[in-house]
Amino acid sequence: MKTERSAELMRRAQTVIPGGVNSPVRAFRAVGGTPPFISRAEGAYIWDVDGNRFIDYVGSWGPMILGHAAPDVVEAATNAIKRSSSFGAPTEGEVKLAELVVERMPSVDRLRLTSSGTEACMSAIRVARGYTQRETILKFEGCYHGHADYLLVKAGSGVATFGLPDSPGVPASFAQQTLTLPYNNIDKLEELFAERGSELACAIIEPISGNMGVIKPSPNYHARLRELCTQHGVVLIFDEVMTGFRVHPQCAQGLLGITPDLTCFGKIIGGGLPMGGYGGRAEIMDMVAPVGPVYQAGTLSGNPCAVAAGTATLKSLENQNLYDQLEKTCQSLEDGLQEALKDAGITACIQRVGSMLTLFFNDGSPVHNFQDVAACDHNRFGQWFHAMLERGIYLPPSGYEAWFVSFTHTPEDIERTIDTARASFRALV
Ligand code: KE4
């Protein structure tokens with residue numbers, strides 16, 4: 001595989017951009033090597049600056065469910081930018097997008113758009129704190145909600161102890177207002193809510209995890225979390241930045257049948273342009289300025305080009321049978337990978353929800369939480385990642401991430417992926 005131009009660009013990039021990238025995971029630190037610099041993409045394929053073509057399972061980390069350069073999205077964004085890229089004033093497009101989300105999502109009466117998922121999550125938490133007049137928040141180990149200081153926190157020593165900063169620059173005082181629990185552990189939920197439920201402003205969770213690989217909630221987990229939040233007056237925030245309109249036309253909450261108080265959106269809602277959003281019950285969302293006292297703002301919030309791209313994307317996701325077709329594609333991918341693993345005599349655990357999938361190199365046991373993921377063989381993942389990349393399959397460069405399949409991945413692409421996996425597994429043994 002030719003890599004000269006990417007290598008040269010990485011050398012230049014590192015002299016002017018930290019690590020040569022604008023988001024850490026892109027630097028391939030978890031798998032080693034130099035990342036290909038991408039020049040263009042179309043449908044399920046991306047091309048790098050050395051002319052290599054890959055079948056893409058990153059999909060810009062989730063937004064590209066329609067495939068790259070989807071014609072309707074390109075046309076909508078192109079027409080929008082011809083009318084200027086930004087006004088800093090209300091537009092009809094924002095109203096239409098908000099109406100579309102409110103109509104589609106029973107739990108959302110009001111929606112505020114932001115420019116990223118991080119902004120959406122930090123704003124939802126601020127609204128929850130303002131609404132409840134409480135300061136302590138609860139998050140779950142392995143879930144990622146963007147890089148606001150008080151969310152870069154790891155669990156303290158005991159359930160009821162305060163969080164610890166998980167990055168330099170995060171003041172201990174900020175971390176101390178964040179409690180962390182293991183994902184999928186109902187007993188720990190019961191214990192914490194019994195002890196401190198009345199102190200909590202909110203519980204924020206990825207309803208189906210994607211940021212420690214794909215992990216499904218255990219049976220009754222979210223139902224119990226919902227009950228405990230209701231019982232203690234805690235705002236339940238579903239962070240659907242990744243799962244939103246990815247796993248179901250009504251997001252993970254529609255798939256799971258759980259109604260959160262607030263929902264965070266991102267990725268697909270912007271069609272690949274910078275966009276996030278948060279929304280929920282009117283009585284909570286009407287706390288948000290200018291109608292309420294909780295301040296939140298953004299120069300490019302509701303940007304007309306991102307709104308055009310996001311609206312075109314959501315309109316293409318209107319019917320369930322599109323998701324059914326995508327489910328068939330992803331089931332065949334999962335089945336083929338399982339068979340290839342078996343034929344190679346390699347044990348691993350594949351976990352999938354719709355078009356989000358992760359292959360964990362372990363003894364084949366199911367993965368329920370962050371500790372289980374950390375115990376997987378991430379060195380082996382790195383070797384396999386490169387064996388696949390060299391053969392034209394572009395996977396997320398970390399064993400803690402989800403793969404994303406688009407509507408444009410054809411049966412031939414899936415077959416090619418499985419054949420390549422078969423060859424790559426052989427290279428491992
Ligand atoms: P952004 O600020 O990156 O738009 O969104 C943060 C965020 C919030 N919530 C969830 C559930 C998310 O998955 C994300 C961002 N996801 C990562 C992928 N693991 C983005 C990739 C990156 O950081 O470069």
Side-chain angles (χ1 to χ4, degrees), residues 17-31 35 38 56-65 112-126 137 139-153 166-167 183 202-217 222 237-247 251-253 256 260 262-279 296 298 300-301 303 306 309-310 313 353-358 370 373 394-404:
I17 304 170
V21 293
N22 284 306
S23 201
V25 71
R26 303 176 191 173
F28 276 27
R29 293 292 169 97
V31 294
I38 303 307
D56 178 22
Y57 288 98
V58 175
S60 180
W61 302 97
M64 312 316 281
I65 190 169
R112 169 58 64 85
L113 296 178
T114 62
S115 296
S116 70
T118 292
E119 272 188 279
C121 293
M122 60 184 264
S123 305
I125 289 168
R126 183 182 307 134
I137 65 173
K139 78 174 291 290
F140 296 82
E141 204 175 12
C143 290
Y144 176 67
H145 308 293
H147 57 88
D149 281 348
Y150 45 79
L151 291 169
L152 298 179
V153 169
D166 203 11
S167 162
Y183 199 78
C202 64
I204 184 167
I205 192 165
E206 290 183 60
I208 295 161
S209 124
N211 284 289
M212 50 178 152
V214 175
I215 294 182
K216 301 175 188 177
H222 285 311
I237 302 175
F238 268 10
D239 177 353
E240 298 230 40
V241 167
M242 186 183 283
T243 53
F245 309 108
R246 162 68 58 179
V247 297
C251 310
Q253 58 196 267
L256 299 169
L262 293 178
T263 301
C264 302
F265 300 99
K267 298 180 191 278
I268 287 175
I269 196 175
L273 292 186
M275 174 100 88
Y278 62 101
Q296 182 266 316
L300 298 177
S301 296
N303 173 271
T313 300
V353 177
S355 54
M356 288 170 56
L357 172 148
T358 300
F370 183 75
V373 180
Y394 188 80
L395 303 178
S398 163
Y400 289 85
E401 296 289 353
W403 306 15
F404 297 101

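Order of listing sets the numbers, starting from 1, for every ligand and every atom in it.
- Near ligand 1, residues Ser23, Val25, Trp61, Ser116, Gly117, Thr118, Tyr144, His145, Gly146, Glu206, Asn211, Asp239, Val241, Met242, Lys267, Glu401 come within 4.0 angstrom through at least one heavy atom.
- Side-chain polar atoms of Glu206 and Tyr144 form no donor-acceptor pair below 3.5 angstrom.
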Checking side-chain hydrogen bond (donor to acceptor under 3.5 Å, both in side chains) for the pair Arg246/Ser355: CA distance, chi angles, key distance, verdict? CA-CA 7 Å; Arg246 162 68 58 179; Ser355 54; 3.0 Å; yes
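- The aromatic ring centres of Phe370 and Phe140 sit 6.0 Å or more apart.
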Q: Decide side-chain hydrogen bond (donor to acceptor under 3.5 Å, both in side chains) for Gln296 and Arg126; before the verdict, give the C-alpha distance in whole Å, the side-chain angles of both, and the deciding distance to 0.1 Å.
A: CA-CA 9 Å; Gln296 182 266 316; Arg126 183 182 307 134; over 6 Å; no
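- In summary, the side chains of Gln253 and Thr263 do present a donor paired with an acceptor at a separation below 3.5 Å, with no hydrogens or angles considered.
- A side-chain donor from one of Glu240 and Thr243 sits under 3.5 Å from a side-chain acceptor of the other.
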